There are 2 protein chains.
Amino acid sequence: MNLHQFRFVQEAVRRDLNLTETAKALHTSQPGISKGILELEEELGVDIFARHGKRLRRITEPGQLVLQSVEIIMREVANLRRIGEEFSKQDAGTLSIATTHSQARYVLPEPVAQLRRRFPKVQLVMHQGTPGDVARMLADDVAEIGLATEALADVPGLVTLPCYEWQHVLVVPAHHPLASVDRPTLEQVAAEPLITYHPTFSGRSRIDAAFAKARIKPNVTLEAIDADVIKTYVRLGMGVGLVAEMAVRDDPPGGDLAWRPVGHLFGPNTLRVAFKRGAYLRHFVFAFAELLSERLTRALIERAMAERPGSHPTSYEL
Amino acid sequence: MNLHQFRFVQEAVRRDLNLTETAKALHTSQPGISKGILELEEELGVDIFARHGKRLRRITEPGQLVLQSVEIIMREVANLRRIGEEFSKQDAGTLSIATTHSQARYVLPEPVAQLRRRFPKVQLVMHQGTPGDVARMLADDVAEIGLATEALADVPGLVTLPCYEWQHVLVVPAHHPLASVDRPTLEQVAAEPLITYHPTFSGRSRIDAAFAKARIKPNVTLEAIDADVIKTYVRLGMGVGLVAEMAVRDDPPGGDLAWRPVGHLFGPNTLRVAFKRGAYLRHFVFAFAELLSERLTRALIERAMAERPGSHPTSYEL
DNA sequence: TATCCTTACGGAATTCGTAAGCATG
DNA sequence: CATGCTTACGAATTCCGTAAGGATA
């Protein structure tokens, strides 16, 4: 039994039981992977994978249990490295952030700049993706802290905390009739060609839900993954845009675009920060979280991380 | 980083930072231990142990954190082995029980016999010791299930459940005046030379507490760790005995000893069963627990094991 | 036939023991 | 000076790569 074998099993599962892929991912030879897994199975006296001839088909029942233990072990190995970093290199290390475009573009610049000022020796790495990608990057130890509006709250193995609430805004060309309507209605919005986020992003599900509930079928002309693209096409007159308020917060008024908050139509959205359960968080990770939102404190995060997996969030949700 | 190094660190801590002892315990050379720990410290970039010259003095602050992760890793490695046993050898394996003399002598024979009948291929190992020893054996993975009346409830890292309640009985020679007293008083008991358990055992603390509360100083002539010894000296007329009720339950009445329940003097005691938190329990471990007490079920134990460390026990206490 | 896992094999690196060195109490 | 950790070194083992073999879809 050794850590290499554990890593092989873990990565093989992540690569859909394809050992060739696993070998590439781990920068080693494929026979080595095969041998390692075989040896572990031999030592435990149990098949971790069910094989069809020479091909790996699925994870066996004991394999599931083995995998659980392996995941815990690899998590703690990652923690050991972080502990080493935390204490050896004072205020230095690498912080990997997983996030969506919206946050990376409109929310993170400020806290990131502050963190760089306070911890100049911390190397920041940003990973961009869908909210689902964010969750996966945390689970796979690719990122240490994740930020997204959706899909994080209910992922097992993650600890999430609310960061702040935001609402959608309707973006129209400056001289569009809707620019002068204070509280646009769903019907008014639906009458226009719509440009908004791709379904996997930034509260798009809220938009769909609101229209569905009112039994209105909006005419979505274009789906983008970021607000810059949406605004560009609104400028071109292709329709009206629905974006997160962060995307227009810093735009000067009186430009070629106007916007109206439409939280009353699509409800509030919550940006959440997420960590992998059981992760050892270095002090600059806490510091970064505190920079993200007034609502986040080290004590609060530590309490949330200690919470029992099954139990439901309590006070810190308020 | 490898599992050997983790084992070295763990064992070194258990052996009070004496690497020579550690090497003996792990059946390897002392320089090997030294090298392994040094390499791990080198790789993590952190001192786990603070040294005075060449002698290990204490655990450093990062060392504490490292130790926590190491303990989790070693626990999961133990679990992996158990998972292997569970699925490879059907209904076979080794079950280590840590317990006190009282339970081993009077309580376990019946459930052990039943377990042997149901799982003939399970090898049973019994480890006897004080309640404190029982707790330690669980923590050190020497035993998988522990039984004791005291000292288990508040040990961090252990999950305990109540098994059943018992009371003390007063044991006297058959023709002793107290043999015919229905509810002896503390004063009556204290008037005789007392023979009872050693302070670390079987509810002795309850006895001391009751006398202390009544401001009576009993005359304890002899302290034994088991009821057989106590009964032997009562027969010799050296005094009256206080033992757990289990110790006389199977004695035929009309012999040379008589006894009276004295729960009204010393209160009820609770026998508890304990497991190491996070341990993987094989099915015959659950089966054994269920044989121990009607109150224990697999579902109940699983719920208790999943409970958050900090939170206090709930329904299954009742 | 293309993909993919297992077995075979040999050079290189690692491991682990003994022996020696050196610091503490 | 007795105990106890670290360093040195060499034999044995393990590791890990390439090449070949065999099974599936």
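Lettering follows sequence order; numbering is per chain, from 1. For clarity, every value in this text was computed on a predicted model and none was experimentally measured.
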Is it true that atom CD of B:Glu302 has more than 12 heavy atoms of other residues, nucleotides or ligands lying nearer than 6.0 Å?
-> yes
Interface residues of residues 18-25 of chain A with DNA chain D (non-hydrogen, below 4.0 angstrom) | none
Which residues pass the side-chain hydrogen bond (donor to acceptor under 3.5 Å, both in side chains) test with B:Arg51, sequence neighbours left out?
-> B:Glu41
Under 4.5 Å between any side-chain heavy atoms of B:His127 and B:Val134, yes or no?
-> no
Under 3.5 Å, N/O pairs linking protein and nucleotides 20-22 of chain C:
residue	atom	partner	partner atom	Å
C:dG21	N2	B:Lys54	NZ	3.0

Distance col, row B:Asn79:CG vs A:Ile72:CD1, nearest 0.5 angstrom, shows 8.0 Å
Salt-bridge contact B:Arg75-B:Asp141 (side-chain N to carboxylate O under 4.0 Å) | no
Donor-acceptor pair, side chain of B:Asp226 and main chain of B:Val229, under 3.5 angstrom | yes
Atom CZ of A:Arg15 and atom P of C:dC5: how far apart are they, to the nearest Å?
-> 13 Å
Are OP1 or OP2 of C:dG17 and a side-chain N or O of B:Thr28 less than 4.0 angstrom apart?
-> yes
Got a sec, which residues hit side chain to side chain contact (heavy atoms under 4.5 Å, CB included) with B:Glu11, two or more places apart in sequence or on another chain?
-> B:Arg14, B:Arg15, B:Thr22, B:Ala25, B:Leu26
Excluding sequence neighbours, so at least two apart, what forms side chain to side chain contact (heavy atoms under 4.5 Å, CB included) with B:Val13?
-> B:Leu17, B:Phe49, B:Ile59, B:Leu67
Show your reasoning for whether salt bridge (Lys or Arg N to Asp or Glu O under 4.0 Å) applies to B:Asp228 and B:Arg105.
-> CA-CA 9 Å; B:Asp228 290 317; B:Arg105 173 78 170 75; 2.5 Å; yes
Taking only residues two or more places apart in sequence, or in another chain, which ones meet B:Asp133 in a salt bridge (charged side-chain N to carboxylate O under 4.0 Å, His left out)?
-> B:Arg136
Contacts of A:Arg81 that satisfy salt bridge (charged side-chain N to carboxylate O under 4.0 Å, His left out) - sequence neighbours left out | B:Glu43
With sequence neighbours excluded, residues passing salt bridge (charged side-chain N to carboxylate O under 4.0 Å, His left out) with A:Glu144 | A:Arg82, A:Arg282
Across the strands shown, which category fits B:Ile33 at heavy-atom distances under 4.0 angstrom: base, sugar-phosphate, nothing?
-> nothing
Between B:His4 (NE2) and C:dT14 (P), how many Å, whole number?
-> 15 Å
Pull out every residue in residues 41-53 of chain B that has a heavy atom closer than 4.0 Å to any atom of DNA chain C, ordered by number, or say none.
-> B:His52, B:Gly53
Residues which pass ring-ring contact (aromatic ring centres under 6.0 Å, His included) with A:His283, listed by chain and number, not counting sequence neighbours | A:Phe119
Separation between CG (A:Leu56) and CD1 (A:Ile37), nearest 0.5 Å, reads 6.5 Å
From CG of A:Asp16 across to P of C:dT3 the rounded distance in Å is 18 Å
From the 5' end of DNA chain D to its 3' end, which nucleotides mark the outer limits of contact with chain A, defined by a 4.0 Å heavy-atom distance cut-off (strictly under)?
-> D:dG17 to D:dA25
Using whole Å, report how far CG of A:Asn2 lies from C1' of C:dT15.
-> 13 Å
Considering the terminal five base pairs at each end of the helix from C:dT1-D:dA25 to C:dG25-D:dC1, what angle separates the two local helix axes, rounded to 10°?
-> 40°
Could you check if a side-chain atom of B:Val77 sits within less than 4.5 angstrom of a side-chain atom of B:Leu3, using non-hydrogen atoms only?
-> yes
Answer yes or no: does a side-chain N or O of A:Ser34 lie under 4.0 Å from OP1 or OP2 of C:dT6?
-> yes
May I ask you to check whether over 12 heavy atoms, not counting those of A:Arg298, lie within 6.0 Å of atom CZ?
-> yes
Sugar-phosphate only, base, or nothing, as touched by B:Leu56 at under 4.0 Å among non-hydrogen atoms | sugar-phosphate
Just checking A:Leu17: base, sugar-phosphate only, or nothing, at a heavy-atom cut-off of under 4.0 Å?
-> sugar-phosphate
